[in-house]
Amino acid sequence: MDRRWEEMLNLAVLVHGFWTEYLFLNRAKFAALVVNGIRVPFFNNLIADLKR
């Protein structure tokens with residue numbers, strides 16, 4: 001394999017890892033908000049629109 005392709009592959013794996021970690025942390029924060037009963041206006045509006 002060409003050296004450039006190896007570097008690009010390593011970068012892609014690294015970016016994927018950071019993106020996955022970012023999503024995991026935000027999902028955990030959101031779950032904590034829901035468990036604590038904190039209302040999220042976006043979802044309240046979405047639910048109200050869906051009930052119409």
Side-chain angles (χ1 to χ4, degrees):
M1 223 182 191
D2 188 12
R3 180 79 177 149
R4 269 188 303 170
W5 286 108
E6 289 179 15
E7 290 174 1
M8 287 174 42
L9 182 60
N10 287 340
L11 182 60
V13 170
L14 185 65
V15 168
H16 181 267
F18 280 123
W19 182 244
T20 303
E21 186 72 17
Y22 173 78
L23 291 176
F24 177 78
L25 289 175
N26 282 323
R27 187 178 75 175
K29 289 177 188 176
F30 179 74
L33 289 175
V34 171
V35 167
N36 290 331
I38 297 174
R39 297 279 182 178
V40 181
F42 170 77
F43 290 106
N44 289 340
N45 294 339
L46 181 65
I47 292 168
D49 289 342
L50 290 175
K51 286 183 178 178
R52 286 189 214 174

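- For Glu21, there are no salt bridge (charged side-chain N to carboxylate O under 4.0 Å, His left out) partners two or more places apart in sequence or in a different chain.
- Leu14 CG to Leu9 CG: the interatomic distance, rounded to the nearest 0.5 Å, is 11.0 Å.
- Taking Asn10 as the reference, nothing meets the side chain to side chain contact (heavy atoms under 4.5 Å, CB included) condition, with sequence neighbours excluded.
- A search for side chain to side chain contact (heavy atoms under 4.5 Å, CB included) contacts involving Phe24 returns Arg27, not counting sequence neighbours.
- Here Arg4 does not pair with Glu7 in a salt bridge; the nearest charged N to carboxylate O distance is not below 4.0 Å.
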